[in-house]
Amino acid sequence: VDLSLDTATVKHALEAHIQAAPNLKGVRFANSFDLNVSQPHNLMVDADPNSLLNNPEILQKCILLEPLVRDNIRLVASYGLSLDLWSHHNHLPQIIDTVKAIPSCTFILDHIGGPLRGRGKWSDLRKETETQWRADIAELAKLPNVFVKVGGAGMTSMGFPNNESVWPRGDKPPNSKEVAIAVFPWFKHVITSFGTDRCMFESNFPVCKASFSYKVYWNACKRIADRLNLSEKEKDDIFSGTAERVYRLNDVSSTAGKL
């Protein structure tokens, strides 16, 4: 749902979704943008002519700062829906501000906050990126109305493994041990900052298939859980329980009752 359109349009779109799928649990709004990564950005593709997604200046500052967008986030929350946010690390401070400003909304941060390490200027700023990302993740974790999807490491924008711009391409793709070793410091920081009751492993397939297979990724997650010495309860949380709670997957009541 494009939350940068006028509120009447967003309200109509949300209610149409709810009527079509009465058990709707949440929506997503992508604000992943940086002029150093790609221009024009895919957020602009097929955007409504009236959408703020057509304005790169607003996108660069972070579209979440726009009063209209924040009003529409409050509208999303009023229907009892959660909001997934897909952002690069450069806008984590603005996400922190947004989460603080709208405590009524349950936010889910996608792809561990999207550390940019493999595109544009960020390829040469890996250490600086990690330092800032770590600080912002720790700050975001202080806010109780935000949860995190732990994954997305197969996207080339993240620049894994650590010593190359992208995962190796060739006859022998990475195995689960290699993937687990490469992403462990990043996943560990998120999981220890938020706790397993606010984290959920995500596949992000088919996008991450560019780097490794679905099976390899999930086996890497099992290795990471074991390396962190997670209890059975914590494993239940991060592999399924958190997602069930946040998205209310066991709640069969209809969202349509809020219309």
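Along the sequence shown, residues carry numbers from 1.
Contact between Q94 and N90 at its shortest, heavy atoms only, is OE1-O, 3.6 Å. Listed here is the closest heavy atom pair of G154 and S211: O-OG, 2.6 Å. In terms of heavy atoms, N50 sits closest to L5 at C-CD2, 3.9 Å. The two residues P174 and V179 come nearest to each other via the heavy atoms CB-CG2, 4.0 Å. Closest approach of A153 to F212, counting heavy atoms only: C-CZ, 4.1 Å.
Taking the six-membered ring where the residue is Trp, F205 and Y217 present tilted rings, their angle falling between 30° and 60°. Under the 30°/60° scheme for interplanar angles, the aromatic rings of F201 and W218 are found to stand perpendicular.
Between the NE2 atom of H91 and the CG atom of D136 there is a distance of 11.5 Å, given to the nearest 0.5 Å. Remark: I73 CD1 to I102 CD1 distance equals 4.0 Å, nearest 0.5 Å. Going from atom NZ of K25 over to atom CG of L249 covers 7.5 Å, rounded to the nearest 0.5 Å. Going from atom CD of E139 over to atom CD1 of I96 covers 5.5 Å, rounded to the nearest 0.5 Å. Remark: D6 CG to H12 NE2 distance equals 11.0 Å, nearest 0.5 Å. For the atom pair N55 CG and I63 CD1, the distance stands at 8.5 Å (nearest 0.5 Å).
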Item checked: Trace of the side chain to side chain donor-acceptor pair (under 3.5 Å) decision for S51 with D2 -> CA-CA 8 Å; S51 173; D2 186 350; 2.6 Å; yes

Next item on the list: Show your working on side chain to side chain contact (heavy atoms under 4.5 Å, CB included) between F147 and R245 and close with a plain yes or no.
Entry: CA-CA 11 Å; F147 299 77; R245 289 193 304 274; over 6 Å; no

Next item on the list: Give the intermediate values and the outcome of side chain to side chain contact (heavy atoms under 4.5 Å, CB included) for residues R227 and F187.
Entry: CA-CA 11 Å; R227 185 174 172 185; F187 283 20; over 6 Å; no

Next item on the list: Go through the steps to decide whether D71 and R74 satisfy the test salt bridge (charged side-chain N to carboxylate O under 4.0 Å, His left out), and finish with yes or no.
Entry: CA-CA 5 Å; D71 284 344; R74 294 184 180 94; 3.3 Å; yes

Margin query: Before you tell me yes or no, could you show the steps for N145 and T106 under side chain to side chain donor-acceptor pair (under 3.5 Å), namely the whole-Å CA-CA distance, both residues' side-chain angles and the distance that decides it to 0.1 Å?
Written below: CA-CA 5 Å; N145 57 318; T106 296; over 6 Å; no

Next item on the list: Decide yes or no on side chain to side chain contact (heavy atoms under 4.5 Å, CB included) for L3 and L83, but give the supporting numbers first.
Entry: CA-CA 11 Å; L3 299 181; L83 180 63; 3.9 Å; yes

Margin query: Run F33 and L53 through side chain to side chain contact (heavy atoms under 4.5 Å, CB included) and show every step you take.
Written below: CA-CA 10 Å; F33 184 85; L53 294 175; over 6 Å; no

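No donor-acceptor pair closer than 3.5 Å links the side chain of S32 to the backbone N or O of S87. Remark: side-chain polar atoms of H189 are paired, donor with acceptor, to backbone N or O of R134 under 3.5 angstrom. A side-chain donor-acceptor contact under 3.5 Å links N175 to the backbone of E178. Of the possible donor and acceptor atoms, none in the side chain of S176 sits under 3.5 Å from a partner among the backbone N and O of R223. Without hydrogens or angle criteria, R70 side chain to L64 main chain gives a donor-acceptor distance under 3.5 Å. Side chain of D110 to backbone of D84: no donor-acceptor contact under 3.5 angstrom is found. Side chain of S193 to backbone of I137: no donor-acceptor contact under 3.5 angstrom is found. For the pair E244 (side chain) and G241 (backbone), a donor-acceptor distance under 3.5 Å is absent.
Grouping the Ile, Leu, Val, Met, Phe, Trp and Tyr side chains by contacts below 4.5 angstrom, directly or via other members, places I18 with V1. Note on L65 and V76: separate hydrophobic clusters, where clusters join Ile, Leu, Val, Met, Phe, Trp and Tyr whose side-chain heavy atoms are under 4.5 Å apart, directly or indirectly. Under the 4.5 Å side-chain heavy-atom criterion for Ile, Leu, Val, Met, Phe, Trp and Tyr, W186 and V148 are members of the same hydrophobic cluster. There is no path of hydrophobic side-chain contacts, each under 4.5 Å, that joins M200 to F239. Residue I238 is not grouped with residue I108 when hydrophobic side chains (ILVMFWY) are merged at heavy-atom distances under 4.5 angstrom, including chains of intermediate members.
Taking 4.5 Å as the limit, every side-chain heavy atom of W86 sits out of range of all side-chain heavy atoms of L109. Looking at Y247 and S82, their side chains come closer than 4.5 Å, going by heavy atoms from C-beta outward. In this structure, the side chains of N31 and L59 stay at 4.5 Å or more apart for every pair of heavy atoms. Looking at heavy atoms from C-beta onward, C199 lies in side-chain contact with V190 at the 4.5 angstrom threshold. D226 is listed as a side-chain neighbour of K235, based on a closest heavy-atom distance under 4.5 Å. Taking the side chain as every heavy atom from C-beta outward, L143 and V146 approach each other to under 4.5 Å. Side-chain contact between I224 and V183: present, with at least one pair of heavy atoms (C-beta onward) separated by less than 4.5 Å. With contacts defined as side-chain heavy-atom distances shorter than 4.5 Å, the pair K149/I112 does not qualify.
Other residues, nucleotides and ligands place no more than 12 heavy atoms under 6.0 Å from the CD atom of E57.
Under the 4.0 Å criterion applied to side-chain N and carboxylate O atoms, K100 and D97 are not assigned as salt-bridge partners. Note on D237 versus K233: salt bridge recorded, some NZ/NE/NH1/NH2 to OD/OE distance being below 4.0 Å.
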